[in-house]
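In this text, all values refer to a predicted model and were calculated from it rather than measured experimentally.
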Amino acid sequence: MTSSKILNAVIPLVADLAQELPERERLRRLLAALRTLLPADAVALLRLNGEWLEPVAIDGLVPDTLGRRFKVAEHPRLAQLLAAGQAMRFAPDSPLPDPYDGLITTPGELHVHDCMGCVLQTGGLAWGLLTLDALEPDRFADDNALELLQAFSNLAAATVATAERVQQLSQAARSASAPAPRSPGADRSRQILGTSPAIRQLQSSIALVAASDLCVLITGETGTGKELVAQAVHAQSPRAAQPLVSINCAALPDNLVESELFGHVRGAFTGAVSERRGKFEQAQHGTLFLDEVGELSLSVQAKLLRVLQSGQLQRLGSDREHQVDVRVIAATNRDLAAEVQAGRMRADFYHRLCVYPVVVPPLRARDSDTLVLAGCFLEENRARLQLGGLRLDAAAQAALLRYPWPGNVRELEHCISRAVLKALSRTLGQRKDSSKPRMLSIGEEDLWDGAAAAPLPPGQQATGLIAPLPAADVAEGPAASAETLGLRAQVERYERQLLSASLARHHGNWAAAARELQLDRANLQRLAKRLGVER
């Protein structure tokens, strides 16, 4: 019986290995096959990246889980699974906190009561984990459960190895000489998160231009993450092992900018007591990032023309020529073409910078990436405040999706940090045992304090927003609380909004919407009928 169950799950996946499938779809099929074998409420595939475990595929968990990063040292269950090296199950009464408490999509339950997992190994090394969770005790009590999971993990390892090999070949085709990109998770620096079409297009542009030495001009609204894009271009380039030097052009006084960029010799000006290299020389063989480049004065722009064209510069006070080999990346939230027309930017300077333009999309054009990013910020706050867990209730998730985010990702980060502090202050003194980490639920009142959403800046349109709530839901008001709606009504409202938005994005295509929402098509249609959502 066990062999036949494994065979039925394995046959479609073996066929998948021979197909050219997107990594996301390949991994989604992997988790779907696992749930046919074992009765889990939620499954997750996590990649080990240094001391962090990063979710790459989930099923049965809230969307913001994809934005979370779990530090192994802070999650004893995940640490034990990695140390075990094989499939293992935790006792239902285990006192160890579960990292998915409050994250399973089944409403009404916060705590996981049955948990098992297995290490995936590729090339003899731990690649990551497969985890299964259930809200009922003894769901995995079957004697064959561990055997099934261990057998399945071998195929899962082959699947992820295939996906990674395809990705490596694609990268090698783009640049045979480029080293493997430095992993942002290893040093815990921020990375570009999201799966929306706008972000996938941005990542494709980064991968394409990174292999070259072209100047890159990154444009986008404030708070969209232009510096992260610059870091990603450098990390995926052949210069990744060399320095990335950043300078904020808006903070440079005109009388010091030449010294900062080109350096100076002793006695070049009052206070120049020694020779000093400028930013260009500090970035030799690497990358120089000129942030807020639109703030440079016309005189400074003229001084930069020669080094951008030929790599030649002179230190302030010196007649000696220096040759530098530097890749320049610039960023601005201004419309530089309009600045040229207005006479505030030199046309020749603009065209030297804008060899390859990269536009960073605003958050309102990235659909449900908002929840993925919120999950990242929630996990950061959980670790900083040493909490047992943080979750967004249904009303808070719907509110985040409705809001247009004129301040983009930076505004979202600050909003989540404020909400966590408000929720924490509300629970202070409620628990006698303050030594144990607590689970906090973030509500809509924590996000906004009842204030109306801020309008977009003039001239901006809220394109790409999640579809508005149906009329019946709008009548209830965006600030409706659990006392007025009840938990079930809030969950249904959120489900209705996500379903309607997905169908709208895919022009009524049920199959495409089902893939995006990680649901079976028939189940999705039954859910839509129950919620009163039409094509």
Side-chain angles (χ1 to χ4, degrees), residues 52 54-55 62-69 184-185 187-206 216-235 246 248 250 289 291-292 294 329-334 357-384 390 392 396-421 442 444 446-448 453-457 460-466 501:
W52 302 85
E54 304 175 348
V62 295
D64 68 64
T65 308
L66 285 173
R68 297 176 185 248
R69 300 296 180 265
D187 60 3
R188 213 34 207 136
S189 61
R190 288 281 175 82
Q191 56 184 303
I192 301 171
L193 295 176
T195 57
S196 65
I199 282 299
R200 290 200 298 270
Q201 177 60 46
L202 174 63
Q203 291 169 334
S204 296
S205 297
I206 291 171
V216 179
L217 177 61
I218 305 169
T219 59
E221 297 174 15
T222 182
T224 51
K226 296 184 288 294
E227 186 172 358
L228 288 184
V229 174
Q231 291 170 0
V233 171
H234 174 74
S246 301
N248 184 354
F289 176 48
D291 198 10
E292 303 293 349
I329 301 175
T332 181
N333 58 7
R334 293 193 178 198
V358 173
V359 180
V360 186
L363 184 54
R364 62 182 176 279
R366 294 173 54 181
D367 300 328
S368 57
D369 283 354
T370 302
L371 296 182
V372 174
L373 291 163
C376 172
F377 301 139
L378 284 169
E379 185 63 21
E380 289 180 358
N381 280 276
R382 183 209 62 78
R384 183 170 65 249
L390 286 170
L392 293 167
Q397 293 183 51
L400 291 178
L401 291 172
R402 284 196 305 270
Y403 185 59
W405 300 109
N408 294 293
V409 180
R410 185 180 296 118
E411 183 184 6
L412 173 63
E413 178 185 6
H414 296 166
C415 176
I416 294 296
S417 297
R418 289 194 304 269
V420 172
L421 288 178
I442 308 298
E444 186 175 359
D446 298 313
L447 297 173
W448 314 122
L456 282 171
Q460 294 182 10
Q461 296 180 351
T463 56
L465 280 173
I466 294 293

CD of E54 to CD of Q191, rounded to nearest 0.5 Å, is 5.0 Å
Could you check if a side-chain atom of F289 sits within less than 4.5 angstrom of a side-chain atom of V233, using non-hydrogen atoms only? no
Once you round to the nearest 0.5 Å, how far does OG1 of T222 lie from CD of E292? 7.0 Å
Minimum heavy-atom separation for R366 and G194, please, with both atom names. NH2-CA, 4.4 Å
Given side chains that start at C-beta, do those of P55 and R69 come closer than 4.5 Å, heavy atoms only? yes
Check whether any side-chain heavy atom of R384 sits under 4.5 Å from a side-chain heavy atom of S417, and report yes or no. yes
Decide yes or no for D369 and I199: does some side-chain heavy atom of the first lie under 4.5 Å from some side-chain heavy atom of the second? yes
Between the side chains of R382 and E379, is the shortest nitrogen-to-carboxylate-oxygen separation below 4.0 Å, so that they form an ion pair? yes
Nearest-0.5 Å distance, CG of residue L378 to CG of residue L373: 11.0 Å
With distance as the sole test, does K226 use its side chain to make a donor-acceptor pair with the main-chain N or O of E221 at under 3.5 Å? yes
Contact between I206 and I192 at the side-chain level, heavy atoms closer than 4.5 Å - yes or no? yes
Output the distance between atom CG (D291) and atom CG (N333), rounded to the nearest 0.5 Å. 9.0 Å
What's the shortest heavy-atom distance between R68 and G375, and which atoms? CG-O, 3.1 Å
Find out whether L412 and L400 are in side-chain contact, i.e. whether some heavy atom of one side chain is under 4.5 Å from a heavy atom of the other. yes
Distance-minimising heavy-atom pair for V372 and L66: CG1-C, 3.9 Å
To the nearest 0.5 Å, atom CH2 of W405 lies from atom SG of C415 at 4.0 Å
Looking only at heavy atoms, what is the nearest atom pair of A230 and I218, with distance? N-CD1, 3.6 Å
Measure the shortest side-chain to side-chain distance between I416 and E380 over non-hydrogen atoms and say whether it is less than 4.5 angstrom. no
Would you compute the distance between atom CG of N408 and atom CZ of R364 and round it to the nearest 0.5 angstrom? 6.5 Å
If you take all heavy atoms of L447 and A396, which pair is closest and at what distance? CD1-O, 3.6 Å
Quick one: are T219 and P357 in side-chain contact, heavy atoms under 4.5 Å? no
On a heavy-atom basis, which atom in P361 and which in T224 lie closest, and how many Å separate them? O-CG2, 3.8 Å
Any donor and acceptor pair, going by atom type alone, linking the side chain of S205 with main-chain N or O of Q201 inside 3.5 Å? yes
